[in-house]
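Below is one structure, written out as structure tokens; comments come after it.
In each ligand, atom 1 is the first atom listed, and ligand 1 is the first ligand listed. Reckoned from all heavy atoms, side chains included, excluding hydrogens, waters and symmetry mates. It should be emphasised that the depicted structure is a prediction, and the values quoted were computed from it without experimental measurement. Numbers here are sequence positions counted from 1.
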Amino acid sequence: MKAAVFYGPHQPLAVKTVPDPEIGPDEVLVKVAACGLCHTDLHYIDHDVPTAKKPPLILGHEVSGTIQEMGEAVRGFSLGEHVLVPAVFSCGRCRYCRQGRENICENMTMPGNHVDGGYAELMAAPAKDVLSLPDTLPLVDSCIIADALSTPYNAVKNRGKVRPGDRVAVFGCGGVGLNVVQIAAAAGAFVIAVDIAPDKLEAAEKLGASASVLGREGKETAREIRRLTGGGVDIAFEAIGNPPTIEQAFDSLAKGGRLVVVGYCRHPASINVSKLMFYEMEIVGSLGCHPLDYIPLIDMVARGTLQLSPLISHRVSLDQINEGLDYLRHGQGLRNIVVMD
Ligand code: APR
């Protein structure tokens with residue numbers, strides 16, 4: 001099969017012919033229709049974040065496709081069926097999986113990190129993790145459900161606990177933040193989008209934001225949000241991964257408010273802990289999603305409550321994958337995907 005192989009940081013992915021993956025008795029072989037390009041890949045390629053499996057490795061963890069082959073123990077799928085491969089496979093047995101927190105599974109396996117992923121014509125996946133997709137959904141565009149939609153879904157529903165009428169601010173309207181906007185708006189919240197890029201704010205308004213604020217350095221952004229809402233928002237999401245915007249997001253909260261950190265950041269942020277204590281504030285992290293989140297999420301997309309196609313800005317072939325990664329590097333577009341021939 002053809003695949004884009006990662007041989008190590010600071011070099012382009014090598015598009016070449018490699019052996020087809022072999023599947024175990026409990027696995028399926030998925031013929032990849034599309035795979036989303038994600039910042040996580042750039043962490044490995046540009047920023048020396050090590051992959052769990054040493055290269056050579058096929059990256060890519062946002063896959064939709066069809067079932068091409070099934071292991072002998074697999075039941076419940078049929079050949080040619082449309083499927084979504086989740087961004088993380090959980091063990092189902094550890095303490096966290098047993099608590100229903102599979103997204104922090106002690107033995108999690110991520111395609112494109114621990115095992116070969118989806119920048120390839122074929123990929124192997126455990127049948128227990130793979131989800132059926134309704135035929136009514138566009139198969140190619142559905143790949144972004146696996147991460148770009150599922151991560152915000154967990155952030156909004158489980159960690160942010162957004163309810164109708166809540167006032168919400170979303171800091172950062174990139175691939176992740178825009179979906180926080182559309183899912184929070186679909187949940188009935190009044191959503192304020194914050195970004196430094198006017199085109200991102202425009203996209204956020206199209207996806208349901210009721211107001212937008214152009215992000216600035218210092219205290220003015222939070223002040224404007226407090227002014228707009230007469231005291232601050234109930235829930236603020238930080239979907240950038242930047243200490244100053246984590247601090248701004250906390251400062252934009254009303255009493256009793258909740259900060260949800262979705263952006264990845266390895267540096268410390270400074271939080272006013274006296275406000276945290278006196279006003280009973282909360283700060284929570286949010287990572288990926290749970291297996292049980294996928295079915296309602298897929299249903300929301302199938303009903304048209306959530307949109308896919310406005311989020312996809314560039315479609316590249318596997319041969320053009322390094323160009324697609326360049327779009328991502330330079331912040332061009334919203335979500336870029338690799339479409340197999
Ligand atoms: N204030 C407001 N918006 C900002 C600022 C700022 N100071 N700095 C950057 N932004 C905006 C960018 O303009 C962009 O629209 O944040 C957005 C970030 O979006 P992307 O680069 O597309 O990143 P995304 O894929 O959405 O990921 C965001 O979530 O899962 C994590 O690792 C991921 O940390 C990353 C974060």
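In V262, the part holding a heavy atom less than 4.0 Å from any atom of ligand 1 is the backbone. Of all the heavy atoms of C173, the ones lying under 4.0 Å from any atom of ligand 1 belong exclusively to the backbone. Contacts between T245 and ligand 1 below 4.0 angstrom, taking non-hydrogen atoms only, involve the side chain exclusively.
Within 6.0 Å of CD on Q99 lie more than 12 heavy atoms contributed by other residues, nucleotides or ligands. Within 6.0 Å of CZ in R163 there are 12 or fewer heavy atoms belonging to other residues, nucleotides or ligands. For F77, the CZ atom counts as densely surrounded, since its 6.0 Å shell holds more than 12 non-hydrogen atoms of other residues, nucleotides or ligands.
Using a 4.0 Å cut-off to heavy atoms of K200, the atoms of ligand 1 that qualify are 15 (O).
Here the OG-CG distance, from S313 to D199, works out to 10.0 Å after rounding to the nearest 0.5 Å.
Between the side chains of T245 and Q248, no donor-acceptor pair is found at a separation under 3.5 Å. At a cut-off of 3.5 Å, with distance as the only test, no side-chain donor of H43 or D48 sits close to an acceptor on the other residue. Checked by atom type, the side-chain pair T221/E224 shows no donor-acceptor distance below 3.5 Å.
Residue-to-ligand polar distances place G175 within reach of ligand 1: an N/O pair is separated by less than 3.5 Å. Residue G241 has no N or O atom closer than 3.5 Å to an N or O atom of ligand 1. Of the N or O atoms in N242, none lie within a sub-3.5 Å distance of an N or O in ligand 1. An N or O contact shorter than 3.5 Å links D195 to ligand 1 by distance.
The protein non-hydrogen atom at the shortest distance from atom 8 (N) of ligand 1 is I196 CD1, 3.6 Å. The nearest protein atom to atom 27 (O) of ligand 1, hydrogens excluded, is given as V176 CG2, 3.6 Å; this is a heavy-atom distance. Among all non-hydrogen protein atoms, the one lying nearest atom 29 (O) of ligand 1 is G263 CA, 3.6 Å. The nearest protein atom to atom 19 (O) of ligand 1, hydrogens excluded, is given as G174 CA, 3.2 Å; this is a heavy-atom distance. Given atom 20 (P) of ligand 1, the protein heavy atom at minimum distance is H39 CE1, 3.6 Å. Scanning the protein for heavy atoms near atom 34 (O) of ligand 1, the closest one is Y264 N, 2.8 Å.
Of the candidates L334, L328, N179, I240, it is I240 that places a heavy atom closest to atom 36 (C) of ligand 1.
Between Y44 and F6 there is a side-chain heavy-atom pair separated by less than 4.5 Å. Side-chain contact between D41 and H61: present, with at least one pair of heavy atoms (C-beta onward) separated by less than 4.5 Å. Side-chain contact between V18 and K16 is present, with at least one heavy-atom pair separated by less than 4.5 Å.
Distances shorter than 4.0 angstrom occur between a heavy atom of A239 and an atom of ligand 1.
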